Amino acid sequence: MSGATAAESDDTRLLDVLDRALGATAGPLRWKALRSGMWAHVRPENGECPQQGWKLHVSATPASAQDVLARALPVLLAGRSTFKFAATRDHVAAMNARNTSRGHSGKFITVYPVDDDEAVRLAAELHVATAGLPGPRILSDRPYGPGSLVHYRYGAFVEVRRITNDGFYAWMILDPDGKPVEDRRGATYTPPPWAVCPFPQDVPPAEGQNETDAADRAESTQKSVTQNGAGNRKSVRIGSRFSVHEAIRHTNKGGVYRATDTETGEAIVIKEGRPHVDVDAKGRDTRDRLRTEARVLEAVETLGIAPRPVALFAQAGHLFLAEEMIPGTSLRQWIADVIGDAGWGPHVPPVLEMGGRLADLMAKAHEAGLIVRDFNPSNIMVRPDGTPVMIDLELALTADDTEREGMRVGTPGYSAPEQMSGAAPDRTADYFALGATLCHVLTGGPPYLLDESTAARPLSERLAEWLAARTLDLDLPGSLAPLLLGLMADEPGHRWTPHRAREALARMSPAAAAGNRETGDGAVEREGGASRAARTPSLERQCRLSVAGIVDQLIATMDPESAETLWPASCVHGAPDPCSLQHGAAGTLGALTRCFEVEAEPRLAPAIAEAGHWILRRLDRDGDRPPGLYFGTAGAAWAVLDAGLALDDAGLVEGALAVADRLPEAVPSPDVTHGTAGLGFAALHLWSRTGQGRFAERALSAADALAEAAEEREGGLDWSTPAAIESKLAGARYYGFAHGISGVGSFLLACAGSVGGDAHRALAARVGETLLDTMIDTGRSAMWAASSGDIATAPYWCHGSAGIGGFLGRLGQATGDGRFRRAAEMSARAVMDNRWRAILGQCHGLAGNGDFLLDMAALTGTERYRDDAWRLAQIILANRAHRDGPVVFPDEQGGVSTSWGDGLGGLLGFLVRLQHGTPRQWTADEATALAAGGTGAEPSIAGRAS
């Protein structure tokens with residue numbers, strides 16, 4: 001067995017099973033085995049694998065994987081088909097985890113039969129060989145027979161992918177006419193209509209397997225509920241008495257449903273536990289945790305601190321827990337509603353009251369003998385009268401639970417470090433969770449502090465800085481920070497109890513800290529009742545150190561030898577184009593290039609050169625991809641050109657221009673991220689950097705195409721992505737910058753100010769009028785819905801006030817119309833009023849909002865906006881984690897991303913601009929300044945043409 005690293009080889013039990021089986025093989029075929037990532041690949045020498053066909057999957061749990069593999073290998077090695085299996089039991093566990101994608105869960109062994117006859121033979125033999133062993137139902141496949149671990153689906157054998165119009169990879173198969181169609185890998189069995197199933201439909205259960213296909217019946221019930229949805233009240237009856245009418249959510253561990261108890265008429269929530277999912281080392285799965293939750297609910301049934309249990313019942317092999325439906329809203333939503341209604345600052349009195357109720361809730365749980373282990377705002381409901389109630393108690397333990405071994409369980413950001421490291425359950429971990437939850441109640445977000453390495457700072461020190469940054473603008477009781485630090489103390493034995501916290505909160509008065517407060521950085525100024533941090537030497541130093549640390553992290557994690565991704569890719573949004581601006585290498589390269597342009601650090605030059613050439617090689621290799629600015633080729637060309645000019649690298653410049661010359665002038669999509677407006681921005685930038693007239697002509701053509709595509713609708717001017725386009729945006733109409741009319745208007749305005757004329761400016765002004773008409777005026781700030789008929793969205797770059805305000809501010813400057821400027825100023829107020837929102841990134845986070853504030857400072861000459869941008873930077877910087885030299889920040893999911901849209905690239909771009917006053921990236925500000933006779937960036941290689 002070759003290809004495994006030392007770290008990957010720690011658990012060799014499954015690979016040892018393979019080695020023994022290969023040693024015992026006496027057939028005519030010779031087999032080759034290779035370890036690659038999480039998989040062990042096994043193929044016959046000189047064997048061929050078809051491109052597509054009916055593939056087999058065999059499921060297993062971590063506990064059963066060795067037995068399943070040992071029984072399956074004699075069948076597989078007697079055949080002639082390539083196969084692979086998860087190489088360690090940890091990989092099997094990850095594959096079957098509670099939050100694993102439902103379309104990928106359970107696939108321990110994958111077989112690629114050489115033809116249909118071989119597929120049918122192998123399925124039959126594997127069905128018998130693995131009978132009686134446990135394994136989860138594979139939702140994307142059809143089980144071979146009742147209770148079988150063997151499943152099948154039609155799909156690709158050899159990875160053939162294309163990048164979709166949305167900028168993500170999709171796996172492809174060919175239809176009978178040879179046309180590529182997507183190989184959909186969802187949570188339901190959906191073979192292509194032209195694929196003829198070769199497997200028998202009535203397979204009897206093998207010895208040791210159930211007589212009925214329990215999983216199929218349970219999954220069909222779940223599918224019926226999903227298809228009915230909230231708008232269709234046709235119900236599904238389960239448990240003989242419960243009428244299920246809506247699926248609240250589906251995860252790999254099972255669904256959660258709204259139902260009615262037909263015996264009492266009571267509104268009920270039903271939670272489902274799927275067999276053999278999320279199995280621990282002792283073989284316990286989600287059903288066992290549901291039984292635990294039922295015991296917990298029974299233990300506290302009379303206290304009113306959790307839902308009343310109604311029934312625990314099994315159906316078709318799945319376990320269901322019916323419990324009282326708690327009216328109200330989640331604590332997470334309650335916090336957002338209170339801050340949104342009362343405003344940042346005035347929200348303090350109700351949240352202090354809620355803090356006391358939460359401390360009392362945990363105290364009552366502990367008095368009843370519980371250890372909660374997952375106390376967080378998503379697991380707490382707030383009744384209409386304001387009473388909090390715990391839900392989702394599947395990790396809780398009662399006083400009667402004797403097995404209390406440590407497990408790495410909980411919710412990151414809320415669960416104590418020792419609990420997440422596998423320490424034995426203890427109430428002191430709940431104290432930490434109470435403190436983290438109170439932080440969220442007070443500040444609107446959790447103290448998600450990533451792990452540090454080597455000389456790690458004490459958690460209390462980091463938390464104190466985080467609290468100071470998050471609460472700087474609030475008039476708080478002086479004893480509140482010590483309370484939170486006490487609950488979340490580094491030493492579990494030193495943490496405050498809920499009783500002590502409740503008593504301290506009862507003594508607090510929101511007015512106790514009235515007046516201005518100071519931080520270690522100096523005096524806090526006041527304007528209009530809101531405080532803001534002045535730019536201080538301490539904050540500037542922290543910004544410089546963080547910029548250097550982010551650069552260290554990006555250089556350390558860059559892998560130019562990789563054929564797949566230059567930087568580690570997050571798969572949260574799917575499998576993104578590795579060259580794209582939003583989620584791929586181009587955005588990160590752009591941030592590094594800007595950093596080099598202002599500081600010329602020698603260590604950056606080789607990294608930038610390698611990144612630029614990697615992108616060019618990958619663009620050539622992939623061939624067809626969408627042209628868009630943020631999700632396509634235009635952004636990659638932009639980033640590589642800037643890198644080439646910064647380094648005086650003719651190869652990069654020529655390669656970028658060659659890529660740009662292949663871009664269309666316009667596409668059916670109108671927006672900035674995917675469509676014509678983004679292509680126009682790229683053309684303006686290329687013109688401003690090279691002076692080559694053909695790019696000015698391309699920008700004009702893009703503007704003309706948008707003018708022709710504009711629609712007059714009730715409510716104003718509009719553009720939409722055509723419904724016929726294969727895209728998630730098909731048929732959508734938005735107001736925001738990324739996908740909507742404000743981004744289109746911004747390009748039209750930039751084009752008019754550089755290479756266009758009055759007609760394009762007039763059209764941009766009409767966009768501005770539409771946005772004024774649709775503005776939600778709160779009396780203090782300006783907000784917008786994402787689209788007509790929606791409620792106001794958060795004020796971010798993507799959809800909300802930050803992106804729209806940036807356009808309106810530029811429009812006000814260009815036209816002299818004070819209404820647009822005032823709307824932009826009100827948008828800036830919306831951004832500052834919503835600084836409690838915890839996301840840090842560019843797309844919908846504080847970095848993108850900070851860039852808008854810097855736009856406003858440049859447009860108006862008002863330093864207040866620059867101060868406000870430093871205020872947001874202070875909040876961002878308080879989230880940093882040091883890992884020796886490198887510095888990292890949490891992305892939207894609490895991990896570490898290097899991308900522009902939600903990760904380190906976008907944070908770097910904002911912090912560098914904050915320090916050095918550079919133009920905003922990925923806009924046409926430089927082109928507009930050049931046309932106005934300003935100091936546009938001059939090319940160093942590509943000559944300026946007339």
Side-chain angles (χ1 to χ4, degrees), residues 98 102 136-137 139 143 146 186-190 210-277 285-298 300-302 304-330 333 378-385 387 389-394:
R98 65 176 65 192
R102 297 170 69 235
R137 166 79 158 82
L139 300 181
T188 56
Y189 174 67
T190 53
N210 296 328
E211 291 292 327
T212 61
D213 191 350
D216 255 351
R217 291 198 288 117
E219 298 304 339
S220 66
T221 298
Q222 187 183 72
K223 183 176 180 181
S224 297
V225 173
T226 304
Q227 289 175 339
N228 286 334
N232 185 344
R233 292 298 170 182
K234 186 185 296 183
S235 62
V236 176
R237 182 69 64 92
I238 62 174
S240 75
R241 60 186 271 199
F242 301 108
S243 179
V244 178
H245 52 78
E246 183 180 1
I248 298 173
R249 65 178 178 270
H250 287 303
T251 64
N252 192 38
K253 67 178 181 178
V256 180
Y257 309 99
R258 288 191 177 94
T260 300
D261 185 342
T262 59
E263 293 182 3
T264 65
E266 182 182 10
I268 295 295
V269 169
I270 297 180
K271 302 175 69 174
E272 175 189 23
R274 291 183 61 219
H276 311 305
V277 171
D285 64 13
T286 55
R287 296 170 297 177
D288 295 290
R289 280 180 275 283
L290 209 55
R291 293 185 186 97
T292 297
E293 182 169 2
R295 290 198 305 273
V296 170
L297 296 184
E298 289 171 358
V300 298
E301 183 172 358
T302 61
I305 63 174
R308 176 177 50 80
V310 176
L312 183 70
F313 61 94
Q315 180 166 315
H318 294 213
L319 191 68
F320 296 88
L321 172 61
E323 59 187 48
E324 171 194 10
M325 178 180 287
I326 303 296
T329 186
S330 73
Q333 187 59 50
S378 295
N379 287 350
I380 298 169
M381 291 291 290
V382 180
R383 292 183 182 273
D385 65 0
T387 303
V389 176
M390 292 184 295
I391 60 172
D392 288 339
L393 288 165
E394 63 183 29

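Residue numbers run from 1 in the order of the sequence given. Since the model is a prediction, treat every value here as computed from it, not as a measurement.
In this structure, CD1 in I326 is found 10.5 Å from OG1 in T387, a value given to the nearest 0.5 Å. To the nearest 0.5 Å, atom CE of residue M325 and atom CD1 of residue I248 are 5.5 Å apart.
Contacts classified as salt bridge (charged side-chain N to carboxylate O under 4.0 Å, His left out) and involving residues 309-328 (residues at least two apart or in different chains) are given here: E324-R383.
Aromatic ring centres of F242 and F313: separated by under 6.0 Å.
Of all heavy-atom pairs spanning L290 and E272, the tightest one is CD2-C, 4.0 Å. Of all heavy-atom pairs spanning I270 and F320, the tightest one is CG2-CD2, 3.8 Å. The two residues I391 and I380 have their closest heavy-atom pair at CG1-N, 4.1 Å. A306 and L297 get closest at one heavy-atom pair: CB-CD2, 3.8 Å. Considering all non-hydrogen atoms of both residues, A322 and I268 come closest at CB-CG2, 3.8 Å. Taking every heavy atom of both residues into account, P327 and P384 meet most closely at O-CD, 3.5 Å.
Residues forming a side chain to side chain donor-acceptor pair (under 3.5 Å) with S378 (at least two apart in sequence, or on another chain): R332. Under the rule for a side chain to side chain donor-acceptor pair (under 3.5 Å), the partners of R295 that lie at least two apart in sequence or sit in another chain are T292, D401. T262 pairs by the side chain to side chain donor-acceptor pair (under 3.5 Å) definition with nothing, not counting sequence neighbours. Every residue meeting the side-chain contact (heavy atoms from CB on, under 4.5 Å) condition with D285, not counting sequence neighbours, appears here in chain and number order: H276, V279, R287, D288. Qualifying salt bridge (Lys or Arg N to Asp or Glu O under 4.0 Å) partners for E266, counting only residues two or more places apart in sequence or in other chains: R308. Residues satisfying the salt bridge (Lys or Arg N to Asp or Glu O under 4.0 Å) test with E293, not counting sequence neighbours, are K271. Not counting sequence neighbours, the partners of V382 by the side-chain contact (heavy atoms from CB on, under 4.5 Å) test are L331, W334, M354. Residues satisfying the side chain to side chain donor-acceptor pair (under 3.5 Å) criterion with E263, sequence neighbours excluded, are absent altogether.
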| message | The test is side chain to side chain contact (heavy atoms under 4.5 Å, CB included); show your working for M390 and N379 and say whether it passes. | response | CA-CA 6 Å; M390 292 184 295; N379 287 350; over 6 Å; no

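Put simply, the residue from T286, T251, N252 that forms a side-chain hydrogen bond (donor to acceptor under 3.5 Å, both in side chains) with R274 is N252.
Residues L139 and R137 are in side-chain contact: their nearest non-hydrogen atoms beyond the backbone lie under 4.5 Å apart. E394 places a side-chain heavy atom less than 4.5 Å from the side chain of K253.
Between R258 and E246 there is a salt bridge, since a side-chain N of the basic residue sits under 4.0 Å from a carboxylate O of the acidic one.
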